[in-house]
Participant: 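Quick one: this structure, given as C-alpha cells, is what I'll be asking you about.
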Amino acid sequence: MFEKELMNLKKQDLLRDLKTRSSRQGPVIEIQGRRYSNFASNDYLGLAAHADIIKAAQDAAARYGVGAGSSRLLAGGTVLHERLEKTISDFKGAEAALVFNSGYAANTGIIPAIAGEGDALFSDALNHASIIDGCRLSRAGKQTYRHRDVAHLEALLRKEKDCRRKIIITDTVFSMDGDIAPLADLAALAKAYGAVLYIDDAHGTGVLGRGRGGLVHFEVSPEPWIIQMGTFSKALGTFGAFAAGSRQMVDWLTNACRSFIFSTALPPPVIAASLAAVRLVRKDRTLVSRLLNNRRHLADGLRSLGLDIMGSETPIIPVRTGTVRKTLALSEYLYRKGIYAPAIRPPTVLEPRIRLAVTAAHTERQIEKLLEALKTYYKKGQGA
Ligand SMILES: *Cc1c(COP(=O)(O)O)cnc(C)c1O
C-alpha cells in the first residue's frame, strides 16, 4: 500500500530509519554494539541518567506505582503532580502551572483551547511542528511572520482589526537553528497591541536565563498575558511538559484543553524525576555554566574551521552542508569515525544540515575529536 511513497522518499534520499540505542542516554551511547560520542540528544544538562533523578523515579514507582491509572480529572493525579506544578510555576515566576503529557500534547491542546474561530494567531515561520498543528486544530486565523522579524509582525498586527483575541506564538530557542526569538520586542508588541504572548520554551528551559528560560534571559517579567509553555523532555532530561501563567489560564486549560482532559496523567516516577531535575538545576549552577562553556568551545571551533553555523546562539549548532547528498555523506563519515551527528533534511527543515547538540556532559576531548574529524573531512575536500 505504501510501496510507491516509500520508494519516492528513498529516491530523494529522504527515507528515514530508526537508530536503536542499547545504553543509557548520555555523551557516549552504544548502537549495535559500537560506542559513539553522541551529538544527537537534547539532554543538554546530562540529566537523563543522573543518579539522583533515577533514584527519585525508583522511589516514586515503589510508593505510587508506575501507571497513573486515569486522567487528572479522574484519579490519575498525585501529590507529586501538584508539587511539580508548584515547583515549576515558582521556577518560571508565574502564578500557576499545569503539567502536560508531552510538548506535542501541550501545543496541540493549549492553542485550540485558547483560540478559535474569530481569533488571530501570529506565528513565527520557523515555529515547531507541534505549534503548527495546534494552530490548525484551533480553526483560528493564522498569519505567519518572517523568522524573528518584529517589523513584519507589527505590520500584521496593525492590519488585524476585527478579531476577538490576538495571540503571538514563538519558540524561544528554535529547535533546528539554535537561534533565539527577540522576546523583549515580542513582549512589547504584545503589550502595545493587547495580544497574548505564547512562548514555547522547550529548548530554553534549563539552558537560557541560568536555566530559568527565555523570559529571564531577556529580563522580561512574567505577566498574566504571557503563557510560558516548556518541556521536561529536553534539558531537564525527563519527560512531559508544562504551561505556566495566570491562575485563571490554568483553570481554563483544566476545563477546556482536550489533550489534558482526554489523556492519562503522566506516571508518578516520571513526575518525581522532573521534580528532582528542576531542583538540581536550581541548586547546581555549574550545570548551566558547563553547558555554556562546552557550547562556546564547539561553536568557536566550528567557526575557526570556516563552517557556517547559521546564526546559532545556543547548544543547538547546525552546520550548513549544502545538498541532502552532502549532508548524508558527512553524517555517514562521522558515524564511521564513531561520532553520531545526524543529518536533518526536508521536510523537517528547508536547508539540509548536520544538527549538533552539545551538552554539559561532553568532555573537552569528545568535542576536540569531533572538530578533528570535521577538519580532516573538509581538508580532504570531501565536503565540496
Ligand atoms: C521537542 C519540542 C516540542 C515537543 O516536546 P516533546 O516533549 O518532545 O513532545 C515542542 N516544541 C518544541 C520547540 C520542541 O523542540
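Both counts, for ligands and for their atoms, begin at 1 and track the order of listing.
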Participant: Between Phe232 and Phe242, is the ring centroid distance below 6.0 Å?
Facilitator: yes

Participant: Identify, with sequence neighbours excluded, every residue that meets salt bridge (Lys or Arg N to Asp or Glu O under 4.0 Å) alongside Arg83.
Facilitator: none

Participant: Only counting residues at least two apart or in another chain, list the ones meeting ring pair (Phe, Tyr, Trp, His ring centres under 6.0 Å) with Phe122.
Facilitator: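 So Phe122 forms no ring pair (Phe, Tyr, Trp, His ring centres under 6.0 Å) with any residue.
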
Participant: I'd like to know if Asp179 pairs up with Arg148 as an ion pair, taking the criterion as any Lys NZ or Arg NE/NH1/NH2 lying under 4.0 Å from an Asp or Glu carboxylate oxygen.
Facilitator: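 Yes, this pair counts.
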
Participant: Contact residues of ligand 1 with a heavy-atom cut-off of under 4.0 Å?
Facilitator: Ser102, Gly103, Tyr104, Asn107, His128, Ser130, Asp171, Ser175, Asp200, Ala202, His203, Thr231, Ser233, Lys234

Participant: Would you list the pairs meeting side chain to side chain donor-acceptor pair (under 3.5 Å) in which at least one residue belongs to residues 115-126, sequence neighbours left out?
Facilitator: Asp119-Arg164, Ser123-Asn127, Asp124-His147

Participant: Test Val278 against every option in Leu236, Thr205, Thr238 by the side-chain contact (heavy atoms from CB on, under 4.5 Å) rule and name the one that passes.
Facilitator: Leu236

